[in-house]
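Computed from a predicted model, the values in this text were never measured in an experiment.
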Amino acid sequence: MAQGAPARAPVPAQAESLPPGWSKHYDPGTGAPYYVNPATGESTWELPTASDTANMHEDHTDNAPEIRQEHAKEEADVRFLMDMGFGSQDQCRRVLHQNGMDTQRAIDAFLSGGGQA
């Protein structure tokens with residue numbers, strides 16, 4: 001993907017036959033698709049299936065408050081990185097995930113040039 005090119009909008013679940021709640025995004029550096037479920041805070045490079053989602057919900061039923069808290073922290077960290085001017089929501093989320101959800105490591109990656117597309 002060319003630098004400075006506008007990011008593609010997420011593809012609604014119906015257009016991609018994704019389970020409910022999932023949307024498709026594109027990595028700005030590689031153009032590769034990845035999938036996000038903001039309700040659970042999960043993101044994956046693999047196309048999610050309805051059975052994966054059902055299993056995930058079964059596995060995390062007891063951890064729902066923890067999942068919401070982790071998701072809220074991720075969203076706050078992504079917003080922080082965006083507000084600091086490090087990139088788009090997709091770029092900030094990708095670099096945050098690549099750096100183990102550690103905001104300081106993500107900032108260091110952006111500053112060293114490793115977080116830019």
Side-chain angles (χ1 to χ4, degrees):
M1 183 178 293
Q3 196 168 21
R8 293 184 242 179
V11 176
Q14 305 86 292
E16 189 68 32
S17 297
L18 295 171
W22 287 89
S23 60
K24 183 176 183 178
H25 300 263
Y26 293 90
D27 181 284
T30 65
Y34 67 98
Y35 306 90
V36 176
N37 185 331
T40 63
E42 184 178 16
S43 62
T44 180
W45 294 103
E46 302 297 322
L47 181 66
T49 65
S51 63
D52 292 338
T53 301
N55 291 338
M56 183 193 70
H57 287 300
E58 289 174 13
D59 294 343
H60 297 296
T61 302
D62 295 335
N63 299 329
E66 182 180 320
I67 292 169
R68 284 192 297 271
Q69 184 178 13
E70 288 174 12
H71 178 65
K73 181 180 179 339
E74 177 181 348
E75 292 305 311
D77 290 346
V78 168
R79 174 59 54 198
F80 171 77
L81 293 170
M82 290 172 55
D83 289 347
M84 295 300 294
F86 287 118
S88 70
Q89 183 178 18
D90 288 344
Q91 289 171 314
C92 292
R93 188 177 312 281
R94 176 180 49 87
V95 172
L96 189 60
H97 278 263
Q98 288 173 340
N99 287 282
M101 304 306 287
D102 184 314
T103 307
Q104 186 59 53
R105 284 179 47 202
I107 291 170
D108 293 343
F110 277 115
L111 293 176
S112 70
Q116 296 300 323

Task: For N37 against P20, the heavy-atom pair lying closest together - done: ND2-O, 4.2 Å
Open item on the list: Minimum heavy-atom separation for P19 and P48, please, with both atom names.
Closed with: CD-O, 3.5 Å
Are [X] and [Y] connected, step by step, through hydrophobic side chains (Ile, Leu, Val, Met, Phe, Trp, Tyr) whose heavy atoms are closer than 4.5 Å?
X: M101; Y: Y34; result: no
X: V78; Y: F86; result: yes
X: W45; Y: Y26; result: no

Open item on the list: I'd like to know if E75 pairs up with R93 as an ion pair, taking the criterion as any Lys NZ or Arg NE/NH1/NH2 lying under 4.0 Å from an Asp or Glu carboxylate oxygen.
Closed with: yes
TODO: Could you tell me whether R94 and D90 make a salt bridge, using a distance below 4.0 angstrom between a side-chain N and a carboxylate O?
DONE: no
Open item on the list: Evaluate Q89 against H25 for side chain to side chain donor-acceptor pair (under 3.5 Å), listing each step before the verdict.
Closed with: CA-CA 10 Å; Q89 183 178 18; H25 300 263; over 6 Å; no
Open item on the list: Closer than 3.5 angstrom, by distance alone: can the side chain of N99 be matched with the main-chain N or O of D102 as a donor-acceptor pair?
Closed with: no
Pairwise distance [atom1]([X]) to [atom2]([Y]) - rounded to 0.5 angstrom:
X: M84; Y: F110; atom1: CE; atom2: CZ; value: 11.5 Å
X: M82; Y: D77; atom1: CE; atom2: CG; value: 13.0 Å
X: I107; Y: S112; atom1: CD1; atom2: OG; value: 12.0 Å
X: H97; Y: C92; atom1: NE2; atom2: SG; value: 11.5 Å

- [ ] May I ask you to test the Y35-E42 pair for a side-chain heavy-atom distance under 4.5 Å?
- [x] no
Task: Minimum side-chain heavy-atom gap L96-T103 below 4.5 Å - done: yes
TODO: Show the numbers, then the answer: is there a side chain to side chain contact (heavy atoms under 4.5 Å, CB included) between L47 and L18?
DONE: CA-CA 8 Å; L47 181 66; L18 295 171; 3.2 Å; yes
Task: Pairing residues for E46 by the side-chain hydrogen bond (donor to acceptor under 3.5 Å, both in side chains) criterion, not counting sequence neighbours - done: none
